[in-house]
Amino acid sequence: MDEDGVQEVLSSLGGKPVGGWGLLQIAGCSGLAAYTVWALVLMPGFRKVPLKLQVPYLPASAKQVANVMSLLEGRSGKMVDLGSGDGRIVLGAAQRGFHPAVGYELNPWLVRLSYINAWRAGCHGKVSYRRQDLWKVKLHDCSNISVFLAPSVLSLLESKLLAELPDGARVVAGRFPLPTWTPTHTIGDGADRAWAYDIQSIRESAGGRQAGTLV
Ligand SMILES: C[S@@+](CC[C@H](N)C(=O)[O-])C[C@H]1O[C@@H](n2cnc3c(N)ncnc32)[C@H](O)[C@@H]1O
């Protein structure tokens with residue numbers, strides 16, 4: 001809609017013509033309303049997280065959850081979803097016997113929603129959702145990890161995972177692959193694609209590359 005169109009609609013609503021100043025006020029109020037929704041509903045709790053590390057909420061599809069579970073088949077022990085959203089991946093893991101099944105999520109609304117979803121699925125007590133910054137969580141005892149995050153943070157995440165995870169751990173990335181790691185398995189196509197990485201083989205190939213550089 002062009003400016004004349006906007007004028008026409010606004011004038012017909014209020015009966016009075018709206019000048020440039022009025023339009024500016026409307027734009028300002030809309031911007032403020034959008035910012036308030038963003039700050040209070042979509043990204044609360046993110047004030048202390050640097051802007052480049054902020055990842056918005058986008059839930060995994062049923063197919064994506066199923067793909068993560070396929071890549072974790074035959075495994076057991078602790079399962080963690082970093083940035084767990086409404087808790088669906090953690091819930092799926094708990095239903096397949098992973099224990100403990102833990103989600104880390106900064107948005108308090110999503111943490112509450114996760115508990116409601118777990119309760120409705122009869123899994124209350126089998127899952128745990130913690131309102132914590134994933135960058136501050138220590139991962140030394142995690143054997144199964146899933147990450148559905150943005151490409152902008154994945155390089156930094158590789159360093160964290162490599163520094164903290166035990167040798168036997170498996171990382172499953174959804175939507176975007178980890179940028180420099182070679183996956184052990186992949187599943188699905190397009191947006192449903194998921195990649196599994198075994199930490200031991202990632203360490204071995206990183207060690208091999210370093211040795212190659214030293215020769
Ligand atoms: C793309 S969503 C994925 C949600 C969920 N894993 C799923 O697949 O359904 C990313 C989630 O990570 C959360 N998140 C982003 N940065 C975070 C941080 N530093 N600590 C904890 N949670 C974070 C966001 O609030 C968002 O819910």
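Counting convention: from 1, in listed order, for ligands and their atoms alike. Heads up: numbering here begins at 1 and tracks the sequence.
With a heavy-atom cut-off of 4.0 Å, D81 touches ligand 1 through its side chain alone. Only the backbone of P56 comes within contact range of ligand 1, with a heavy atom under 4.0 Å; no side-chain atom does. Contacts with ligand 1 closer than 4.0 Å are made by no heavy atom of Q64, backbone or side chain.
For R75, the salt bridge (charged side-chain N to carboxylate O under 4.0 Å, His left out) test picks out no residue, with sequence neighbours left out.
Here the closest non-hydrogen pair linking Y129 and Y115 is N-OH, 2.9 Å.
Close approach to A60 involves these atoms of ligand 1, each under 4.0 Å from a residue heavy atom: 7 (C), 8 (O), 9 (O). The P59 neighbourhood of ligand 1 comprises atoms 9 (O), with distances under 4.0 Å to a heavy atom of that residue. For ligand 1 and D133, the ligand atoms under 4.0 Å from any heavy atom of the residue are 18 (C), 19 (N), 20 (N). Near G85, with a cut-off below 4.0 Å to any heavy atom, the atoms of ligand 1 are 4 (C), 5 (C), 27 (O). Taking every heavy atom of W135 and a limit of under 4.0 angstrom, the matching atoms of ligand 1 come to 19 (N). Residue-ligand proximity, L110 to ligand 1, at heavy-atom distances under 4.0 Å covers atoms 27 (O). Annotation for ligand 1: atoms under 4.0 Å from non-hydrogen atoms of R175 are 1 (C). Applying the 4.0 Å criterion to heavy atoms of L106 picks out, from ligand 1, the atoms 18 (C), 19 (N), 20 (N), 21 (C), 22 (N).
A donor-acceptor pair under 3.5 Å is formed between the side chain of R203 and the backbone N or O of L162. The main-chain N or O of W109 is found under 3.5 Å from a side-chain atom of N107 such that the two form a donor-acceptor pair. In terms of modelled atom types and a separation under 3.5 Å, the side chain of T184 and the main chain of D198 share a donor-acceptor contact. Using a distance-only test at 3.5 Å, with no hydrogens or angles considered, a donor-acceptor pair links the side chain of R131 to the main chain of L106.
At least one side-chain heavy atom of S61 sits under 4.5 Å from a side-chain heavy atom of D192.
Here atom 6 (N) of ligand 1 lies nearest to G83 when heavy atoms of G83, S114, G92, G103 are compared. The residue among R131, R88, E105 with a heavy atom at the shortest distance from atom 13 (C) of ligand 1 is E105.
Not a single heavy atom of S146 sits closer than 4.0 Å to an atom of ligand 1. Using a 4.0 Å heavy-atom cutoff, Q54 is absent from the residues neighbouring ligand 1.
Atom NE2 of residue H124 and atom CG of residue L91 lie 12.0 Å apart, to the nearest 0.5 angstrom.
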Please list every donor-acceptor pair under 3.5 Å in which a side-chain atom of residues 133-141 meets a protein atom from a residue at least two apart or in another chain.
residue	atom	partner	partner atom	Å
D133	OD1	W135	N	3.1
D141	OD1	K78	NZ	3.4
D141	OD2	K78	NZ	3.2

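Counting only N and O atoms by type, the side chains of D86 and S114 include no donor and acceptor under 3.5 Å apart.
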